[in-house]
Each structure stands twice: as C-alpha cells, then as structure tokens.
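In what follows, a structure is listed as structure tokens, so that the remarks can point back to it.
In what follows, every heavy atom counts, from backbone to side chain, and hydrogens, waters and symmetry copies are set aside. Small disclaimer: the values here were computed from a predicted structure and weren't measured. Numbers here are sequence positions counted from 1.
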Amino acid sequence: MKDIPILASSITFLKSLANNNNREWFAENKETYISAQNNIIAFIDQLIILMNNHESIENVSGKKSLYRIYSDVRFSKDKSPYKPRFAASLQRATNLKRGGYYLNIQPGNNFLACGFFSPNPDDLKRIRKDIDLNHKDWRKILNSKSIKNNFLELTGHTVPTFPKGFSQDHEAMDLIRHKQFILKHNFTDKEVIDPKFIYNVNEIFKSVRPFFDYMSFVLTTDLNGELKV
C-alpha cells in the first residue's frame with residue numbers, strides 16, 4: 001500500500017479556516033476542505049491497517065472515525081461555526097479490550113492521546129480500587145521506559161480534593177484523584193507533514209499496549225480477578 005502523508009495543503013487549509021471561521025468563506029472554499037478531508041481520511045485508513053498488525057481496531061474506515069468539523073454552537077459561548085482541526089478516534093475491538101486512541105491535527109495543537117476519557121461510575125470505582133490495592137503495579141507501568149519516553153506522565157481531569165471512601169493520605173492519591181486516565185503526546189506542524197509521521201503515530205500508539213492490557217484486565221474482572229459476567 002502506498003504511504004499516505006498528511007499534506008502541507010491540509011495544514012494550510014486549517015490555518016486559513018482558523019482565520020476565516022465563517023460560513024461564507026467555508027462555502028467559497030468547500031472544494032479545498034473536501035480535498036483536505038479526503039487526505040486525512042486516507043491517512044486514517046492506512047493508520048488502521050498499520051495498527052491492526054499489532055492491535056484489534058473496531059473502526060472500519062477513516063471516514064467513520066473522523067469527527068465532524070462543524071461546531072455545535074447551541075450551548076457554547078464561542079459561536080464559530082467550524083472547528084479548525086481534523087480529529088479522529090479509534091476504539092479497540094471487543095468488550096475485553098478497553099481503551100481508546102485519539103488523534104488531533106490542528107496547527108499549533110497537534111497531539112495524540114490514549115486512554116480512558118470518560119469512565120462510567122462503576123468503571124471509575126473499579127479503577128480507583130485497583131490503584132488503592134496495586135499502586136506499585138501502576139507506578140511500574142507508568143514509569144516504564146516506553147511510557148515515559150512517549151508520554152511523560154498521566155494526564156486528565158482530577159477531583160480537587162480526594163474521592164469519597166479513600167484516605168486523603170494515601171500514597172497514591174495523585175492517581176486515585178483522576179477522573180480521566182490519559183496519555184498524551186504533542187507534535188509540531190513540521191512533524192505532522194513528515195512522510196514518516198504515520199509510522200511515528202503507529203509506534204507511539206503501540207507503546208501504550210502494556211497500560212491498555214493491564215486496564216482491560218482490571219475492567220473486565222472483579223477484585224478477586226474473576227471475569228465479570
């Protein structure tokens with residue numbers, strides 16, 4: 001399969017959209033948008049193929065993985081009609097494999113993220129209880145060379161104090177406070193249009209597997225390690 005790089009013209013379109021975020025300009029440049037969108041779709045199509053060599057991705061196409069560029073302004077103070085970015089999410093296949101992948105292409109704000117963006121209350125409780133009991137295992141994974149080299153540290157929203165039912169003096173309170181469990185890696189605009197960018201993204205996504213595999217075990221078992229039914 002021929003490699004599909006992200007084109008400089010796709011980045012240029014996003015820069016122009018950020019400076020001309022109105023319906024009139026977008027209508028006049030609709031063909032340029034479609035060309036840029038097709039470039040990103042083809043990129044994600046190839047990324048899915050690459051990832052399925054080491055992962056099981058349930059997404060069937062780049063087109064169905066891509067977020068809409070149109071903003072929902074009904075409840076937002078920002079009434080800009082478009083989001084000047086291309087973003088896509090990829091999900092692991094089957095209920096036994098937990099975790100999601102996200103890629104954001106936006107001039108000056110390019111990044112990928114892996115993790116658990118909105119755990120439901122039961123899952124969040126199970127995760128926190130595992131941290132309570134097995135925080136040394138968490139530290140080992142999060143301090144592993146591949147995670148530290150690619151992501152530095154765990155990010156995501158946290159509670160301001162400490163969750164109910166846990167001691168505020170717990171030595172792993174910095175982890176227990178998390179409501180999201182996200183690993184993030186930033187890219188420059190120059191890195192994004194590099195022909196090898198797709199392979200870089202694939203390898204960084206691949207490096208998160210030990211964390212995902214551990215979390216999948218946690219979220220599909222009870223505290224005794226028995227598979228949930």
Worksheet item: Is there a donor-acceptor pair closer than 3.5 Å between any side-chain N or O of N59 and the backbone N or O of I48?
Response: no
Fill in: Closest non-hydrogen atom pair between M173 and S167, with its separation
CE-O, 2.9 Å
Worksheet entry | Residue pair S71 / K83: nearest heavy atoms and the distance that separates them | OG-CG, 3.1 Å
Worksheet item: Are side-chain heavy atoms of V201 and H185 found at a separation under 4.5 Å?
Response: no
Fill in: Within-4.5 Å side-chain heavy-atom neighbours: D45 and S61
yes
Worksheet item: Do any N or O atoms from the side chain of D194 and from the backbone of K190 form a donor-acceptor pair under 3.5 angstrom?
Response: no
Worksheet item: Does the side chain of W25 reach to within under 4.5 Å of the side chain of Y82, using non-hydrogen atoms?
Response: no
Fill in: Between E191 and N110: side-chain donor-acceptor atoms closer than 3.5 Å
no
Worksheet item: Any side-chain heavy atom of K196 within less than 4.5 Å of one from N200?
Response: no
Worksheet item: Is it true that a side-chain atom of E58 and a backbone atom of Q91 form a donor plus acceptor pair closer than 3.5 Å?
Response: no
Item to complete: Measure across D189 and G108 and return the closest heavy-atom pair with its distance rounded to 0.1 Å.
Response: OD1-N, 3.0 Å
Worksheet, complete the sentence: The side chain to side chain donor-acceptor pair (under 3.5 Å) partners of R85 (sequence neighbours excluded) come to none
Worksheet item: Please, which pairs that meet salt bridge (Lys or Arg N to Asp or Glu O under 4.0 Å) have at least one residue in residues 93-104, sequence neighbours excluded?
Response: R98-D123
Item to complete: Might you confirm whether atom CG of N95 has over 12 heavy atoms from other residues, nucleotides or ligands at distances under 6.0 Å?
Response: no
Worksheet, complete the sentence: Here the gap from L66 atom CG to I105 atom CD1, rounded to the nearest 0.5 Å, amounts to 10.0 Å
Practice prompt. Verify salt bridge (Lys or Arg N to Asp or Glu O under 4.0 Å) between R139 and D174, making sure each step is shown before the conclusion.
Written response: CA-CA 11 Å; R139 300 288 190 199; D174 59 315; 2.8 Å; yes
Discussion item. Is there a side-chain contact between L112 and F151 in this structure, where contact means two heavy atoms from C-beta onward sitting under 4.5 Å apart?
Written reply: yes
Fill in: Flag side-chain contact, heavy atom, 4.5 Å: P81 against N21
yes
Worksheet item: Is L142 reachable from F181 through a run of I, L, V, M, F, W or Y residues, each pair having side-chain heavy atoms under 4.5 Å apart?
Response: yes
Practice prompt. Could you please spell out the steps behind the ring-ring contact (aromatic ring centres under 6.0 Å, His included) verdict for H135 and H170?
Written response: CA-CA 10 Å; H135 53 88; H170 196 291; 5.4 Å; yes
Discussion item. Is there a side chain to side chain contact (heavy atoms under 4.5 Å, CB included) between T161 and Q168? Walk through the geometry before answering.
Written reply: CA-CA 8 Å; T161 54; Q168 63 180 349; over 6 Å; no
Discussion item. So, taking the atom named CG in L124 and the one named CD1 in I127, what distance separates them when rounded to the nearest 0.5 Å?
Written reply: 6.0 Å
Discussion item. Quick check: is I41 connected to Y70 through a chain of hydrophobic side chains (ILVMFWY, heavy atoms under 4.5 Å apart)?
Written reply: yes
Worksheet item: So which heavy atom on R126 is nearest to which on T221, and how close?
Response: NE-O, 2.9 Å
Fill in: CG-CZ distance between L133 and R128, expressed to the nearest 0.5 angstrom
14.5 Å
Item to complete: Start with the C-alpha gap between L90 and L47, add the side-chain angles, then the distance that decides, and say whether side chain to side chain contact (heavy atoms under 4.5 Å, CB included) holds.
Response: CA-CA 10 Å; L90 303 175; L47 181 60; 4.2 Å; yes
Item to complete: Could you walk me through whether D213 and R92 pass salt bridge (Lys or Arg N to Asp or Glu O under 4.0 Å), step by step?
Response: CA-CA 11 Å; D213 290 345; R92 305 182 78 201; 3.2 Å; yes
Discussion item. Rounded to the nearest 0.5 Å, what separates atom CD1 in I131 from atom CD in E171?
Written reply: 12.5 Å
Practice prompt. Please work out which of the three classes, parallel, tilted or perpendicular, describes the rings of F187 and F197, given edges at 30° and 60°.
Written response: perpendicular
Discussion item. Suppose the criterion is ring pair (Phe, Tyr, Trp, His ring centres under 6.0 Å): which pairs have a residue in residues 93-128, not counting sequence neighbours?
Written reply: Y67-Y102, Y101-F205, Y101-F212, Y102-F111, F116-F212
Worksheet entry | I176 to P163 - nearest heavy-atom pair and separation | O-CG, 3.6 Å
Worksheet item: What distance separates L154 CG from I141 CD1, expressed to the nearest 0.5 Å?
Response: 11.5 Å
Worksheet item: Is the shortest heavy-atom distance from the side chain of R209 to the side chain of E55 under 4.5 Å?
Response: yes
Response to the item:
Rounding to 0.5 Å, atoms CG (L17) and CG (N29) come to a distance of 9.0 Å
Discussion item. One thing to verify: whether D222 and K129 come together as a salt bridge, which I'm taking to mean a side-chain N less than 4.0 angstrom from a carboxylate O.
Written reply: no
Worksheet item: Take atom NE2 in H54; do more than 12 heavy atoms of anything else shown fall under 6.0 Å from it?
Response: yes
Worksheet item: Which atom names give the shortest non-hydrogen contact between G62 and I44, and what distance separates them?
Response: CA-CG2, 3.5 Å
Practice prompt. Could you give me the CA-CA distance, side-chain angles and deciding distance for F43 and F86, then say whether side chain to side chain contact (heavy atoms under 4.5 Å, CB included) is met?
Written response: CA-CA 11 Å; F43 177 90; F86 288 113; over 6 Å; no
Identify all side-chain donor-acceptor contacts of residues 30-37 below 3.5 Å with residues at least two apart in sequence or on another chain.
unit_1 : atom_1 : unit_2 : atom_2 : d
Y33    : OH     : Q37    : NE2    : 2.9

Practice prompt. Mind jotting down which residue pairs meet the side chain to side chain donor-acceptor pair (under 3.5 Å) criterion with at least one end in residues 142-156? Sequence neighbours excluded, please.
Written response: N150-S207
Using atom types as modelled, flag every donor-acceptor pair under 3.5 Å from a side chain in residues 4-14 to any protein atom, sequence neighbours excluded.
unit_1 : atom_1 : unit_2 : atom_2 : d
S10    : OG     : N39    : OD1    : 2.7
T12    : OG1    : A8     : O      : 3.0

Worksheet item: Below 4.0 angstrom, N of the basic side chain to O of the carboxylate: do D137 and K140 qualify?
Response: no
Worksheet item: What about Y199 and L103, same hydrophobic cluster or not, with Ile/Leu/Val/Met/Phe/Trp/Tyr joined at side-chain heavy-atom distances under 4.5 Å?
Response: yes
